[in-house]
There are 2 protein chains.
Amino acid sequence: MSIQYAILGLLSWKPASGYELKKIIEDSPTMYWSGNNNQIYKALVQLLNEGLVANQIQHQESSPSKKIYSITNEGRSRLKEWVVSEPEIPEFKNAFLVQLAWAVQLSNEELHDLLLRYESMINTQLLYQQEKIKRGIASPKRNARELFIWDKISENLLSFYQNELAWVQGMREELNKRNSE
Amino acid sequence: MSIQYAILGLLSWKPASGYELKKIIEDSPTMYWSGNNNQIYKALVQLLNEGLVANQIQHQESSPSKKIYSITNEGRSRLKEWVVSEPEIPEFKNAFLVQLAWAVQLSNEELHDLLLRYESMINTQLLYQQEKIKRGIASPKRNARELFIWDKISENLLSFYQNELAWVQGMREELNKRNSE
DNA sequence: ACGAGCATGTAACGGGTTACATGATTGA
DNA sequence: TCAATCATGTAACCCGTTACATGCTCGT
């Protein structure tokens with residue numbers, strides 16, 4: 001999936017400049033891109049060329065002028081098409097598992113320590129995501145249905161980290177049991 | 001994390017040719033790379049230049065000669081270093097959540113259908129991973145500890161899909177309840 | 001005086017993917 | 001005869017990241 005649909009979605013909510021989109025994407029736990037300029041400004045040009053968005057230059061005194069992008073009717077129908085299209089399978093790449101795969105060579109202490117470090121990283125990440133969600137500036141709340149959907153999206157993200165936490169804690173316990181036997 | 005460590009890990013288990021590594025990586029649920037030639041042959045050249053692996057050409061009658069790579073002592077100590085190093089946080093990118101974010105515009109039927117399709121894709125993926133694990137040709141079983149670790153790795157992968165399944169099923173149920181109210 | 005925020009853009013690079021290229025053998 | 005398997009490699013391309021570049025304003 002390309003970032004263009006993410007941008008198209010945001011613009012279907014409200015018009016925005018590249019700079020605003022960048023910040024929204026940066027802060028969004030769901031939209032997993034880093035929010036770098038390169039991608040966003042390029043994507044906007046492409047969307048413009050395809051006629052899916054339009055822009056309007058807004059001059060401002062005492063700050064640089066900005067290009068406000070808004071979605072066109074064509075953009076809306078393209079977005080709808082995409083939303084009902086075949087979902088992609090989620091991408092889950094866990095480098096830690098590859099690391100663990102060759103951890104036989106470690107002592108029990110080293111292995112235990114490695115698991116603890118992973119656990120604490122996941123925990124930090126969980127808190128960070130919760131924080132992002134709680135602040136949740138950039139989320140439309142136009143009706144109860146939208147609220148429900150966005151809630152479920154947050155729940156999904158959190159459950160991912162919780163699942164990971166439960167797994168690593170389980171593994172640590174089993175290891176301890178094995179070692180004390 | 002680069003694929004070089006994955007390859008180094010495999011070679012710490014047993015020597016192999018690029019072609020064999022390709023197949024192992026393709027079939028491995030944990031090593032998430034596609035297993036394309038470009039990456040593997042390039043990585044092997046780099047590992048060779050760094051002195052972490054060595055190769056030996058094996059001529060065969062009635063099939064092309066192959067280069068058998070094996071890990072060096074330097075490679076082993078580099079691998080150990082990496083294994084005890086700071087883990088990375090897992091990468092979880094779910095395009096479906098971005099799609100869902102703009103699903104307010106859908107009818108209840110369309111939304112329900114979308115969720116069902118996602119559920120069936122996850123389910124397929126879960127079965128596929130289970131199959132891969134069950135076949136599990138490419139997994140070292142040198143001792144009970146290694147078996148335990150590899151078991152836990154498989155468990156992690158499966159729990160990811162199971163968690164995703166539980167989430168989507170929960171969402172479907174809640175939606176039905178809401179609609180019947 | 002300096003850094004942060006607003007605002008737009010470009011350059012360089014790395015990782016990863018598909019597809020192409022070659023060539024022998026084996027089984028349907 | 002056609003496709004698959006063994007075996008190595010290259011080319012073209014896309015996506016995404018960091019870093020660079022510019023310039024104005026506002027608060028400390």
Side-chain angles (χ1 to χ4, degrees), chain A residues 1-8 10 15-28 30-50 53 55-69 88-89 91-95 98 137-138, chain B residues 1-8 10 15-28 31-50 53 55-69 88-95 98 137-138:
Chain A
M1 177 218 161
S2 89
I3 197 175
Q4 295 189 31
Y5 287 112
I7 291 176
L8 213 51
L10 287 171
S17 68
Y19 187 74
E20 287 170 303
L21 290 168
K22 175 198 165 81
K23 281 191 302 174
I24 294 174
I25 291 174
E26 256 173 13
D27 293 343
S28 163
T30 316
M31 288 175 292
Y32 44 79
W33 298 271
S34 74
N36 66 96
N37 299 346
N38 208 333
Q39 239 182 327
I40 290 170
Y41 289 109
K42 205 181 356 170
L44 283 170
V45 170
Q46 286 164 346
L47 289 170
L48 202 61
N49 288 339
E50 291 180 71
V53 304
N55 73 6
Q56 191 190 346
I57 291 163
Q58 201 175 89
H59 294 286
Q60 302 172 105
E61 11 173 329
S62 84
S63 64
S65 18
K66 51 180 170 178
K67 294 183 184 168
I68 306 288
Y69 288 87
E88 285 173 43
I89 55 159
E91 200 183 304
F92 173 47
K93 296 182 176 178
N94 197 344
V98 185
I137 305 147
Chain B
M1 177 218 161
S2 88
I3 197 173
Q4 295 188 32
Y5 287 112
I7 291 175
L8 212 51
L10 287 171
S17 67
Y19 187 75
E20 287 169 303
L21 290 168
K22 175 198 166 81
K23 281 191 302 176
I24 293 174
I25 291 173
E26 256 173 12
D27 293 344
S28 164
M31 289 176 289
Y32 44 80
W33 299 270
S34 74
N36 67 96
N37 298 346
N38 209 333
Q39 241 182 325
I40 290 169
Y41 289 110
K42 206 183 352 171
L44 283 170
V45 169
Q46 285 164 345
L47 288 170
L48 202 61
N49 289 339
E50 291 179 70
V53 304
N55 72 7
Q56 193 191 347
I57 291 163
Q58 199 175 91
H59 295 285
Q60 301 173 106
E61 14 174 325
S62 84
S63 63
S65 17
K66 52 180 170 177
K67 294 183 183 169
I68 305 289
Y69 289 86
E88 286 172 43
I89 55 159
E91 198 182 305
F92 173 46
K93 297 183 176 176
N94 197 343
V98 185
I137 305 149

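To find a chain, count down the sequence lines: A is the first, B the second, and so on, and within it residues start at 1. Predicted, not measured: the structure shown is a model, and the values here were computed from it.
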base_contact_polar (C:dG9 base, A:Asn37 side chain, donor-acceptor, <3.5 Å): yes
Distance, rounded to the nearest Å, where B:Leu21 contributes CG and D:dG9 contributes P: 12 Å
Interatomic distance, B:Glu91 CD vs C:dG16 P [rounded to whole Å]: 9 Å
Touch class at under 4.0 angstrom, heavy-atom based, for A:Ser17 against every strand present: sugar-phosphate
For atom CD of A:Gln46 and atom P of C:dG9, their distance in whole Å: 13 Å
Heavy-atom side-chain contact between B:Ile7 and B:Val53 under 4.5 Å: no
Touch class at under 4.0 angstrom, heavy-atom based, for A:Lys23 against every strand present: sugar-phosphate
Side-chain N or O of B:Tyr19 closer than 4.0 Å to phosphate OP1/OP2 of D:dC6: yes
Value in whole Å for how far the P atom of D:dC6 lies from CD1 of B:Ile24: 12 Å
Distance in angstrom units between A:Lys66 NZ and D:dT22 C1', rounded: 19 Å
Which residue lies more 5' along DNA chain D, comparing B:Ile68 with A:Asn36 via nearest heavy atoms: B:Ile68
First encountered from the 5' end of DNA chain C, between A:Asn38 and A:Tyr41: A:Tyr41
A:Ser34 side-chain N/O to D:dT17 phosphate OP1/OP2 under 4.0 Å: yes
Spacing of B:Ile7 atom CD1 relative to C:dG16 atom P, expressed in whole Å: 11 Å
Sugar-phosphate only, base, or nothing, as touched by B:Lys22 at under 4.0 Å among non-hydrogen atoms: nothing
Which nucleotide in D:dC15, C:dT8, D:dG9 has an atom nearest any side-chain atom of A:Gln39: D:dC15
A:Asn55 side chain reached by A:Leu44 side chain, heavy atoms, under 4.5 Å: no
Touch class at under 4.0 angstrom, heavy-atom based, for A:Lys42 against every strand present: nothing
Donor-acceptor contact below 3.5 Å, side chain B:Gln39 vs main chain B:Asn36: no
Euclidean distance, atom CG of residue A:Leu48 to atom C1' of C:dG9 [Å, nearest integer]: 15 Å
Test item: B:Glu88 side-chain N/O and B:Met1 main-chain N/O as donor-acceptor pair under 3.5 Å: yes
B:Ile57 CD1 to D:dA7 C1', straight-line distance once rounded to whole Å: 13 Å
Over all atoms of both residues, closest heavy-atom pair of B:Pro90 and A:Phe92: CB-CE1, 4.1 Å
